[in-house]
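Here's the structure we're looking at; comments come further down.
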2 protein chains.
Amino acid sequence: MSNTQALPLLESDAPEAVAPCCPPLTERPFTAEEAETAARMFKALGDPVRLRLFSAVASHEGGEACVCDISDVGVSQPTVSHHLKKLKEAGLLTSERRGTWVYYRVEPSVLTAMGKLLTSGMSVAGSP
Amino acid sequence: MSNTQALPLLESDAPEAVAPCCPPLTERPFTAEEAETAARMFKALGDPVRLRLFSAVASHEGGEACVCDISDVGVSQPTVSHHLKKLKEAGLLTSERRGTWVYYRVEPSVLTAMGKLLTSGMSVAGSP
DNA sequence: CACCTGCTTCGACACCCGTCAACATAGACA
DNA sequence: TGTCTATGTTGACGGGTGTCGAAGCAGGTG
C-alpha cells in the first residue's frame, strides 16, 4: 500500500532548521553517503514530466494543486500518477485526499535545502 | 580548508552571461521545452558517482582537478571517464588536457542558474 | 442503490543507463 | 624510436525506468 515513507533527507524533528542534507557542492567533496542522499533528489527532478509536474504544483495558487489540474503534460494519467508517486517518495511532494480530488503540495524545506546545496559561497562570498 | 576565497567561480564574469535556463520552479509551470532543458541538468546530477565527481571538482583548489585526483569514488576508471563525459555533455563541466593529465573544471554559470532555479521566492505558499 | 468520475495500482513492454573488461589513443621519457 | 603511464572509447551485460492499457478503489451523484 501506499506508505511511502518519504523524506530521506530531512529531519522532521526540526522543522525550522532546514535540511542538513549535505554541504554546498563546492565546499567539500561529497562522501558516498551524502552523494546517495542528494542524488535521490536530483534524480527525482531529472525527468521532464516530473519536473513539469513539480513546477506545476509549486507554482500553483496556494502551493497545492489537484491532479486533475496538472495532468496535462502529454502522458497518460497512470503515468502522471506514477511520477507523482516518485516525487512523493523522494520527499518533494505530499498528497492529501479531500473528497473526490487528491491534492499535492510541495515540501518547502526540501526546496530550500536543494537551493542551498547549489548556492554555494559564490554569491555570498562575503565571509572573510 | 582554508581560505579560500579561492572560488573564482562567479566573480569574474558578468551576471548576464549566465545560461538562460529557466525561471524559478515556483514561478510558473515549466513548459515542455524548459523542463527538458532543466531535467537534463538534474539528471546529470542524479547519480551518486557523478555527484561525487562534480563535487570533487567544484570543491577542488582552483576550481579544477585532474582525473587522477578525483577518481577514487569506488568504480572502475572507465566508468569514471564515462561519468565525466556525461557531466561534460550536460554542460556542467569542461575539460582541458595539459600535458599528461586532463583537468576538469566546473561551469560556474550553470551552477548559478540551477541555484536560482531552486531558490525561488519561497515565501510563496502558506500565506492565508 | 446503481452508476459515474477521479485517481491509483498491476502487468507488460521497450528502452535507457551504469558498470566492467578489453582495446585504442595521447603525451612523456629514456 | 620504443615503451610506459594516463584517459578515453568500444562492446556487452544486467538491471532500472518510463510508458501504456486494463483493472481496481474511493467518493460523489442521480
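Basis for what follows: all heavy atoms, side chains included, without hydrogens, waters or symmetry-related copies. Proteins come first, then strands; the chains are lettered A, B, ... in the order of their sequence lines, and each starts at number 1.
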For a quick test of reading the model, state the closest non-hydrogen atom pair linking B:Leu118 to A:Gly115 and the distance between them.
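Heavy atoms only, the tightest pair is CB-CA, 3.8 Å.
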Residue pair B:Ala35 / A:Pro48: nearest heavy atoms and the distance that separates them:
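Residues B:Ala35 and A:Pro48, closest heavy atoms: CB-O, 3.5 Å.
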Is there a donor-acceptor contact under 3.5 Å linking the side chains of B:Thr112 and B:Ser109?
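Note: B:Thr112 and B:Ser109 side chains miss the donor-acceptor criterion.
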Please name all residues satisfying side chain to side chain contact (heavy atoms under 4.5 Å, CB included) with A:Ala44, sequence neighbours left out, ordered by chain then number.
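For A:Ala44 the side chain to side chain contact (heavy atoms under 4.5 Å, CB included) partners, ignoring immediate neighbours, are A:Leu87, A:Ala90, A:Leu92.
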Partner residues of B:Lys86 under the side chain to side chain contact (heavy atoms under 4.5 Å, CB included) criterion, sequence neighbours left out
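Partners of B:Lys86 under the side chain to side chain contact (heavy atoms under 4.5 Å, CB included) test: B:Arg50, B:His82, B:Glu89.
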Please encode protein proximity along nucleotides 22-30 of chain D as a string of B, S and -, counting only heavy-atom distances under 4.0 Å.
B----SS--
Proximal nucleotide (of [options]) relative to the [X] side chain:
X: B:Arg50; options: C:dG18, D:dT9, C:dC20; value: C:dG18
X: B:Trp101; options: D:dA6, D:dG18, C:dT8; value: D:dA6
X: A:Val49; options: D:dT19, C:dC7, D:dT7; value: D:dT19

When the distance from CD1 of B:Ile70 to C1' of D:dA6 is rounded to whole Å, what number comes out?
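Nearest whole value for this atom pair: 13 Å.
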Interatomic distance, B:Glu27 atom CD to A:Ser59 atom OG [nearest 0.5 angstrom]
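Between B:Glu27 CD and A:Ser59 OG, I get 9.0 Å after rounding to 0.5 Å.
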Are any of the side-chain heavy atoms of [X] and [Y] separated by less than 4.5 Å?
X: B:His83; Y: B:Thr79; result: yes
X: B:Tyr104; Y: B:Thr94; result: no
X: B:Thr37; Y: B:Phe30; result: no
X: A:Val106; Y: B:Thr26; result: no

Only distances under 3.5 Å count here; give the side-chain donor-acceptor pairs of residues 62-74 of chain B to other protein atoms, sequence neighbours excluded, each with its distance to 0.1 Å.
from    : atom 1 : to       : atom 2 : distance (Å)
B:Glu64 : OE1    : B:Arg105 : NH2    : 2.6
B:Glu64 : OE2    : B:Arg98  : NH2    : 2.6
B:Asp69 : OD2    : B:His60  : NE2    : 2.8
B:Ser71 : OG     : B:Val67  : O      : 3.2

Phosphate contact ([N] OP1 or OP2) by [X] side-chain N/O below 4.0 Å:
X: A:His82; N: C:dC7; value: no
X: B:Thr79; N: C:dC20; value: yes
X: A:Lys86; N: D:dG18; value: yes
X: B:Tyr103; N: D:dA6; value: no

Bending between helix ends of the helix from C:dC1-D:dG30 to C:dA30-D:dT1 [5 pairs per end, 10° resolution]
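That helix has its two terminal axes inclined by roughly 10°.
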Among residues 37-48 of chain B, which contact DNA chain C at a heavy-atom distance under 4.0 Å?
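Close to the strand are B:Lys43, B:Asp47.
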